[in-house]
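See below for the structure under consideration.
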Amino acid sequence: MNTKMEARNCMFNAVAVITWCFMLKVGVSDPGINMLSQGCSTYNVSSLSNFNSNLNKTFGLVRTDLMNSSKHFATEQSLSGSDSVYAMFQCRDYMSEADCIACFSAASAQIRNCSGANGARVVYDGCFLRYERTDFYGETTRDANREYCGNQTTSSPDTTFNTTVASLLGDLQVATPRINGFFAASKREVAGSNLSVYAIAQCVQTIDMAGCQACMEVAYKNVQKCPPNADGRALDSGCFMRYSDKPFFADNQTINLLPFLKTESSSSSKKGAIIGGAAGGAALVLIIVGLFVWFKLSKKLKASPRGNILDATELRGATIYSYKDLKSATKNFKEANKLGEGGFGDVYKVK
Ligand SMILES: *[C@@H]1O[C@H](CO)[C@@H](O)[C@H](O)[C@H]1NC(C)=O
Ligand SMILES: *[C@@H]1O[C@H](CO)[C@@H](O)[C@H](O)[C@H]1NC(C)=O
Ligand SMILES: *[C@@H]1O[C@H](CO)[C@@H](O)[C@H](O)[C@H]1NC(C)=O
Ligand SMILES: *[C@@H]1O[C@H](CO)[C@@H](O)[C@H](O)[C@H]1NC(C)=O
Ligand SMILES: *[C@@H]1O[C@H](CO)[C@@H](O)[C@H](O)[C@H]1NC(C)=O
Ligand SMILES: *[C@@H]1O[C@H](CO)[C@@H](O)[C@H](O)[C@H]1NC(C)=O
Ligand SMILES: *[C@@H]1O[C@H](CO)[C@@H](O)[C@H](O)[C@H]1NC(C)=O
Ligand SMILES: *[C@@H]1O[C@H](CO)[C@@H](O)[C@H](O)[C@H]1NC(C)=O
């Protein structure tokens, strides 16, 4: 059964890659259907015909959601006892509406190959689709979280690439749960080379901020295993992270992360104020003046328009705080990280 599964997966891969290459050759914009993972539940539905019509109905609703309001995220369900279907679909926000729908078409065709399985998922670079018999919308890190590393090493000559990846993903980890829509794309130059790191982070919109944070913790830890590979991804049920030394989104799709990292620096300033108070009134006054200046300055920065040069410069200053905080946060979440590992394996055959 395992070898049969593997043969099937091989075939999935071949089809995906051929389709992808074909699309690239023809010059269609990139719908991101480079498949990363597929999983089929080992349990079958009770009645295939009921289930298939429910599945079709649900996928139809998802497609309508995507087309009518150019959404990048949709959940739909069709409830009928043992053949109920809960479906979730998400595109990365940098995808155009057309590419997003193309990715959905590929995913909804691909997922049929799980036949009568009562749950399945397929994950591409550009999107993912998952369905279950029961409500899974609140899942964060329960599934088989893992990293997918590219197989080529970056041309950046030293460890600066690693540290740039770590600081950029660290900032994304902190910022993304605080961003409305739970998506962020950003770019950072690798000092001493002409390379940049491009990265995104995304959570599903059916979890809350704390859930997104918990998922980001795990994803960050996983994707950190990839450098010095030129690209890497982290997959989980509630979130996705990806970095590359080549652009996979447009420069004007990046956002300024600084406003979303601010809470970190202000809490550090508070710590500073407490120490200052103990040391003496004079120091306290200095800190208050400092805070005032910082406040004025940050207001100014907030008012400034989005721009990549500005973005990159600002972020360099912000990195130190958030990265330090992140390290201690990772320690605190160690137990949660552990809980996140391997849940998918019981019920699923995963590529
Ligand atoms: C589920 O159905 C498929 C075909 O529809 C079959 O190949 C597979 O063995 C079934 N699995 C179980 C656990 O019954
Ligand atoms: C569901 O859709 C698939 C593919 O689009 C089709 O082959 C199948 O006949 C449909 N099944 C039902 C019950 O509507
Ligand atoms: C989607 O758009 C079509 C045609 O524009 C319309 O008939 C349909 O009711 C819309 N569906 C939703 C859910 O808004
Ligand atoms: C599903 O698998 C069948 C063979 O089992 C294959 O012919 C078909 O192309 C596959 N469909 C997709 C979308 O990969
Ligand atoms: C590296 O990945 C590419 C496609 O991403 C593939 O064609 C190639 O065979 C892989 N090389 C190795 C050594 O795995
Ligand atoms: C950082 O990069 C160097 C060489 O580029 C590599 O040997 C090392 O394993 C990397 N370290 C980490 C923690 O990724
Ligand atoms: C920039 O990188 C390219 C290869 O990616 C290399 O050919 C070129 O010499 C580099 N330029 C500088 C100034 O390092
Ligand atoms: C972003 O840049 C692309 C070209 O790279 C351009 O086609 C597009 O209109 C720009 N979008 C915005 C919102 O400026």
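When a residue number appears, it is its place in the shown sequence, counting from 1. Since this is a predicted model, take the numbers as computed values, not measurements. Both counts, for ligands and for their atoms, begin at 1 and track the order of listing.
- Side-chain atoms of Gln202 come within 3.5 Å of backbone N or O of Cys91 as a donor-acceptor pair.
- Listed for the Asn54 side chain is a donor-acceptor partner under 3.5 Å among the backbone atoms of Asp83.
- If you check the side chains of Asn56 and Arg112, you find a donor sitting under 3.5 Å from an acceptor.
- Listed by chain and residue number, the protein contacts of ligand 8 are Asn252 (heavy atom within 4.0 angstrom).
- With hydrogens and angles ignored, the 3.5 Å screen pairs a side-chain donor or acceptor of Ser237 with a backbone N or O of Thr140.
- Considering backbone and side-chain atoms alike, Ser53 places every N or O at 3.5 Å or more from each N or O of ligand 2.
- Here the options are Val197, Asn229, Thr153, the test is side chain to side chain contact (heavy atoms under 4.5 Å, CB included), and the partner is Phe161; only Val197 passes.
- Partner of Phe248 under the ring pair (Phe, Tyr, Trp, His ring centres under 6.0 Å) criterion, out of Tyr243, Tyr198, Tyr94: Tyr94 alone.
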